[in-house]
Structures are given as structure tokens and as C-alpha cells.
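Below, each value reflects all heavy atoms present in this structure, side chains not excepted, and no hydrogens, waters or symmetry copies. None of these values were measured; they are calculated from a predicted model. Start at 1 and go down the list; that is how both ligands and their atoms are numbered.
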Amino acid sequence: MAEKDDSDYAKFVSDLNIPEAQKRLEEKVTQPACPFCGTNDWRTESSPPDVLLGIASPTFVMKDPRSYFGPAPSIPTISVSCGNCGFIRQHNVSILTGRAK
Ligand SMILES: [Zn+2]
């Protein structure tokens with residue numbers, strides 16, 4: 001099996017179309033208050049270089065525990081944290097972009 005490099009990851013993330021998912025998320029979420037503390041201070045999780053561009057960095061939810069031993073299917077998500085209580089919500093990127101089967 002060929003080794004993966006940074007360009008493989010960049011293409012993978014590019015194909016997820018996170019900016020489109022983030023745009024649709026912002027259109028669809030109509031009740032923004034945190035369900036646990038009532039605060040409206042959501043912070044989209046992002047790390048360099050995405051944070052410099054104002055876009056989310058993808059996070060992943062394991063579909064099953066095989067990833068403990070090696071690669072396994074996962075769900076690409078956008079994570080958003082409450083700035084008051086720390087509650088983290090996640091939104092499925094494939095559903096947001098209409099690619100979910
Ligand atoms: Zn909260």
C-alpha cells in the first residue's frame with residue numbers, strides 16, 4: 001500500500017467541501033442557543049491554516065472501534081463549541097453538502 005502524504009490529506013479535505021457545509025450549516029441552524037446553558041456564543045472549531053481563512057477544520061466521528069487498531073470508517077463533521085459551558089455539537093458534513101447516501 002502506498003504511503004499517504006500531506007497532499008493526500010489536502011485533497012481529501014478539499015473534496016469534503018467544508019466551506020459549503022459551513023455555509024449550509026449557518027443557513028439551517030435557526031435556534032442557536034446552547035441547549036445546556038442558554039448562551040449564544042458558538043465557536044466553530046478550526047486550526048491553522050483554516051482558522052486564518054475563517055473556515056472550520058473537519059473533525060471525525062468513528063463509525064466503529066476498528067480505528068483503535070488502524071484505519072476505519074469515520075463521519076466527517078463540523079464541530080462547534082459553546083463558549084460558556086463547553087458543550088460540543090457536531091454536524092455531519094456529508095448531509096450538509098447533500099452527499100449522504
Ligand atoms: Zn452552553
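In this structure, Ser14 contributes its side chain and Ala10 its backbone to no donor-acceptor pair below 3.5 Å. Although no hydrogens or angles enter the test, the distance criterion places no donor-acceptor pair under 3.5 Å between the side chain of Ser79 and the main chain of Gln90.
With sequence neighbours left out, Lys11 forms a salt bridge (charged side-chain N to carboxylate O under 4.0 Å, His left out) with Asp15.
Residue Ile75 is found in a hydrophobic cluster whose other members, listed by chain and number, are Val61; membership requires side-chain heavy atoms under 4.5 Å apart, directly or through intermediates.
Excluding waters, the count of protein N/O/S atoms less than 2.8 Å from the Zn ion (ligand 1) comes to 4.
Of all heavy-atom pairs spanning Asn17 and Thr97, the tightest one is O-CG2, 3.9 Å.
Judged as a salt bridge (Lys or Arg N to Asp or Glu O under 4.0 Å), the pairs with a partner in residues 30-52 (not counting sequence neighbours) are, in order, Asp41-Arg43.
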